Amino acid sequence: MTHQTHAYHMVDPSPWPLTGAIAALSMTSGLAIWFHFHNIALIMLGTTLLLLTMLQWWRDIIRESTFQGHHTPPVQKGLRYGMILFITSEVFFFLGFFWAFYHSSLAPAPELGGCWPPTGLTTLDPFEVPLLNTAVLLASGVTVTWTHHSIMEGKQKQALQSLSLTILLGMYFTLLQMIEYYEAPFSIADGVYGSTFFVATGFHGLHVMIGSTFLAVCLIRQTCHHFTSNHHFGFEAAAWYWHFVDVVWLFLYVSIYWWGS
């Protein structure tokens, strides 16, 4: 950029939205081909293209914000509004799953035996693995807040330790959920209970994996000293997202695991 008389970032032309869209189309088409024809070539191509797009797009944004100084206070304000709107859209995404669950559970149809959980279905004990998962995610919420305060106070070592702990807790949560799915006495094919349970908790698990990736990128950036006490929105967005994942899990635990069982 040449001489600039305003505080806003005029983004340079970028190929990454196009390659990202092609990758998403390849992945969804490849998923359908995998289901019907057991061929994984297209979905692997789409996944590879998506990963390459992510790496290069993130590299460009880090360069613009950290090294070129384009993320001025007005630009950061716009990014904050964008992240808030994105999390709001995610809230409504999960609202649909809760709606489906409560629609079926508050007034069970005769086909379900007139009761909830449906007749003949064995549910998971909410005070075993699900309770441990709740404790793990709540602990990760504490450690990510610890990271935020460490960054604001310029404590590099504490920030790295607490952020690493947050990522480990997120990975532990994912491992526990995989074990829970493997040992579950019902499947996604077991009527409305199975479908609402696995779709709601599965999408939450996907969000945990995305959030863990988000925080892992922030860990690499923190190691490279990209964040300062007053310029660290990249981490702040990851922390907001992680707290959102925490809150959704609390609603899932209370609704599906505890009350719904």
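None of the values given here were measured: they were computed from a predicted structure.
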Gap between atom [atom2] of [Y] and atom [atom1] of [X] - 0.5 Å precision:
| X | Y | atom1 | atom2 | result |
| --- | --- | --- | --- | --- |
| His207 | Phe94 | NE2 | CZ | 4.5 Å |
| Leu124 | Tyr257 | CG | OH | 6.5 Å |
| Ile22 | Leu50 | CD1 | CG | 12.0 Å |
| Leu132 | Glu180 | CG | CD | 10.5 Å |
| His225 | Gln156 | NE2 | CD | 4.5 Å |
| Glu236 | Leu79 | CD | CG | 11.0 Å |

Beyond-backbone contact of [X] with [Y], side-chain heavy atoms, under 4.5 angstrom:
| X | Y | value |
| --- | --- | --- |
| Thr174 | Met209 | yes |
| Ile61 | His71 | yes |
| Trp57 | Pro17 | yes |
| Leu112 | Tyr193 | no |
| Gln76 | His231 | yes |

Hey, what's the ring geometry for His204 with Trp249, parallel, tilted or perpendicular (30° and 60° as the breaks)?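 Geometry flag for Trp249 against His204: tilted rings.
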Suppose we call two aromatic rings close when their centres sit under 6.0 Å apart. Are [X] and [Y] close by that rule?
| X | Y | value |
| --- | --- | --- |
| Phe98 | His103 | no |
| Phe67 | His226 | yes |
| Tyr102 | Trp116 | no |
| Phe235 | His148 | yes |

Could you check whether any side-chain N or O of Ser255 sits under 3.5 Å from a backbone N or O of Leu252, counting only pairs where one atom can act as donor and the other as acceptor?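 Between the backbone of Leu252 and the side chain of Ser255 there is no qualifying donor-acceptor contact (under 3.5 Å).
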Show, in sequence, the C-alpha distance, side-chain angles and deciding distance for Trp34 and Asn39, and conclude whether the side-chain contact (heavy atoms from CB on, under 4.5 Å) test is met. CA-CA 5 Å; Trp34 178 36; Asn39 188 323; over 6 Å; no
Any luck finding a side-chain donor-acceptor pair between Ser140 and Thr166 under 3.5 Å?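 Short answer, no.
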Which heavy atom of [X] sits nearest a heavy atom of [Y], and at what distance?
| X | Y | answer |
| --- | --- | --- |
| Gly30 | Leu42 | N-CD2, 3.7 Å |
| Met152 | Ser229 | O-CB, 3.2 Å |
| Pro117 | Gly260 | CG-O, 3.5 Å |

Full working for ring-ring contact (aromatic ring centres under 6.0 Å, His included) between Phe101 and Phe197: CA-CA 8 Å; Phe101 178 79; Phe197 174 87; 9.1 Å; no
Could you check Val142, Leu163, Leu160 and say which one makes a side chain to side chain contact (heavy atoms under 4.5 Å, CB included) with Thr147?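 That would be Leu163; it is the only one of Val142, Leu163, Leu160 passing the side chain to side chain contact (heavy atoms under 4.5 Å, CB included) with Thr147.
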